[in-house]
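These notes concern the structure reproduced below.
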Amino acid sequence: MARFDADRLEAAAARRHNLFYALSANSLTPLEDVIRINPRTWFAAYLPSDLDVIDGMIDRVQKAGYPVFLITCDVPVPAQRLAETRAGYSMPIRPNLRSIMGAIRHPGWTLGTLGRTVLRDRNPKIVNIRPKGGPGLFSSEIASVGGSPHFTWDHIRHIRARWKGKLVLKGILRPEDAAEAARIGVDGIVVSDHGARLLESSVTPLETLKEIKQSSGAMSVMIDSGFRCGGDVLKAIALGADAVMLGRPFLQACALAGRAGLDRAVAILKTEIGRDLGLLGVTDLNELDLSFLKDLRAPDLAE
Ligand SMILES: Cc1cc2nc3c(=O)[nH]c(=O)nc-3n(C[C@H](O)[C@H](O)[C@H](O)COP(=O)(O)O)c2cc1C
């Protein structure tokens, strides 16, 4: 959707810059190809509740050599996306007046992204959503792509027993859920509100990070949603995050300028992180802690 071959471009950029990369299950590039481009790719799965399908997915991802299986837990039912509806966008893709007008107004995208993808793949498919591939972009089956309302902690226990690598849960916003994940033996969590793309109102990941970290035991605690500059990253690290993940900044950099855009986005972020550390008088990210923060709206943050 963002750019022709964006999955490959992003995985390669992450490798050049020594970053990890999470490949969405809703991608068009076979997961087996992406791990060859960057061996530090994680697989971000949307799982159904059917154990046979889950096992098939685990086996496929394990066989491909992925070090980390990340389960997106926060989309048990589809979210309402008004902006997408207003723009005439839907899944499966169905031409309508608005989307056709959009395509005409953006010939670069229509020819360079959609056109090239359809020319190469004929019927582009969500190939990583199920053990043996997935539905085409234009197929009505696609409406069912996502998480499941019947997926529970028992499924996580089952997956923990079968998956040999690192297991990460994404979409945690409550300390109670972090504690349960730790008890099950999960290796890490991503504190996330999915980039504020689900609920109209919710606590933000940054607001709840400190409390979640305290409930996470030895798990790695990552965070995403709304990180846009180096200073944002430093705040999360000071609040206890082990890593920060970014979605749209890299997606948009890739959409605008492909490889060069991704390189530029990483360079901007690295420069900002280095500069802000310097301005704080700190030479190592690990030196950051709560003493560097003062939030006037929530004075207890620095306690
Ligand atoms: C276009 C788009 C598609 C997304 N698809 C997925 C997905 O398939 N699986 C997933 O776990 N998260 C998905 N997300 C959420 C991101 O993984 C991430 O949580 C979010 O974008 C982080 O916020 P940020 O974009 O503000 O950095 C998607 C986000 C966007 C913008």
Side-chain angles (χ1 to χ4, degrees), residues 2-24 27 29 34-44 66-68 70 166 168 170 187-197 204-207 209-210 212-213 219-295 301:
R3 189 181 188 90
F4 178 69
D5 244 357
D7 302 323
R8 288 187 178 86
L9 286 169
E10 292 199 336
R15 182 167 194 168
R16 280 195 301 286
H17 296 286
N18 198 26
L19 301 169
F20 63 86
Y21 170 63
L23 175 73
S24 165
S27 45
T29 316
V34 177
I35 191 77
R36 277 197 286 275
I37 293 168
N38 183 351
R40 290 180 74 199
T41 303
W42 302 7
F43 184 70
Y66 277 74
V68 179
L70 178 152
K166 301 277 187 203
V168 172
K170 172 169 179 281
D187 298 292
I189 53 172
V190 184
V191 184
S192 171
D193 66 6
H194 215 96
R197 290 160 57 78
T204 67
L206 204 60
E207 281 170 319
L209 175 62
K210 185 184 146 204
I212 288 188
K213 175 76 179 179
M219 289 191 303
S220 297
V221 177
M222 281 121 338
I223 187 167
D224 78 5
S225 303
F227 290 84
R228 294 294 178 268
C229 63
D232 291 348
V233 173
L234 299 195
K235 284 174 201 159
I237 302 286
L239 281 163
D242 296 300
V244 174
M245 302 173 79
L246 284 85
R248 278 161 293 189
F250 290 139
L251 188 70
Q252 288 161 359
C254 182
L256 281 171
R259 178 187 164 121
L262 286 161
D263 286 347
R264 180 100 176 100
V266 174
I268 291 171
L269 200 63
K270 279 192 177 167
T271 304
E272 289 176 351
I273 289 173
R275 182 192 295 129
D276 285 4
L277 280 177
L279 290 170
L280 290 169
V282 165
T283 54
D284 186 337
L285 273 179
N286 293 318
E287 287 177 43
L288 293 178
D289 60 24
L290 293 173
S291 68
F292 284 86
L293 297 174
K294 183 157 181 64
D295 185 330
L301 266 182

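When reading the values below, keep in mind they use all heavy atoms of this one structure, side chains included, and skip hydrogens, waters and symmetry mates.
- For the pair Ala11 and Thr41, the tightest heavy-atom approach, listed with the atom from each and the gap, is CB-OG1, 4.5 Å.
- In this structure, Val168 and Met219 have side chains that are not in contact, with every pair of non-hydrogen atoms separated by 4.5 Å or more.
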Worksheet entry | Test side chain to side chain contact (heavy atoms under 4.5 Å, CB included) applied to Phe292 and Val282, step by step | CA-CA 10 Å; Phe292 284 86; Val282 165; 3.5 Å; yes
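- For residues 243-263, the pairs satisfying side chain to side chain donor-acceptor pair (under 3.5 Å) are Arg16-Asp263, His17-Asp263, with sequence neighbours left out.
- Counting heavy atoms from C-beta on, the side chains of Asn38 and Leu19 never come closer than 4.5 Å.
- Between the CD atom in Glu287 and the CG atom in Asp284 there is a gap of 5.5 Å [rounded to 0.5 Å].
- At least one side-chain heavy atom of Tyr66 sits under 4.5 Å from a side-chain heavy atom of Leu23.
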Just list the side-chain donor-acceptor pairs under 3.5 Å for residues 232-242, sequence neighbours left out, or say none.
| unit_1 | atom_1 | unit_2 | atom_2 | d |
| --- | --- | --- | --- | --- |
| Asp232 | OD2 | Arg228 | N | 2.8 |
| Asp232 | OD2 | Cys229 | N | 3.4 |
| Asp242 | OD2 | Lys213 | NZ | 3.3 |
| Asp242 | OD2 | Val221 | N | 2.8 |

Item to complete: Apply side chain to side chain contact (heavy atoms under 4.5 Å, CB included) to Met222 and Lys170, showing your working.
Response: CA-CA 9 Å; Met222 281 121 338; Lys170 172 169 179 281; over 6 Å; no
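- By the 4.5 Å heavy-atom criterion applied to side chains, Leu251 and Glu10 are counted as neighbours.
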Discussion item. For a side chain to side chain contact (heavy atoms under 4.5 Å, CB included) check, start with the C-alpha distance between Ile223 and Ile212, then their side-chain angles and the critical distance, and finish with the verdict.
Written reply: CA-CA 11 Å; Ile223 187 167; Ile212 288 188; over 6 Å; no
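- Between the Asp224 side chain and the Met245 main chain, no donor and acceptor come within less than 3.5 Å of each other.
- A pairwise comparison of heavy atoms in Pro249 and Phe227 identifies CG-O, 3.6 Å as the closest pair.
- Once rounded to the nearest 0.5 Å, the distance linking CG of Leu288 with CG of Leu293 reads 8.5 Å.
- Here the shortest heavy-atom pairing between Ala6 and Cys254 reads CB-SG, 3.9 Å.
- The shortest distance between side-chain heavy atoms of Pro39 and Arg15 falls below 4.5 Å.
- Atoms CD1 and CZ, from Ile37 and Arg8 in turn, are 5.5 Å apart once rounded to the nearest 0.5 Å.
- For the pair Asp7 and Ser27, the tightest heavy-atom approach, listed with the atom from each and the gap, is OD2-CB, 3.5 Å.
- For the pair Val190 and Ser225, the minimum side-chain heavy-atom distance is 4.5 Å or more.
- The shortest side-chain heavy-atom distance between Ile268 and Thr271 does not fall under the 4.5 Å cut-off.
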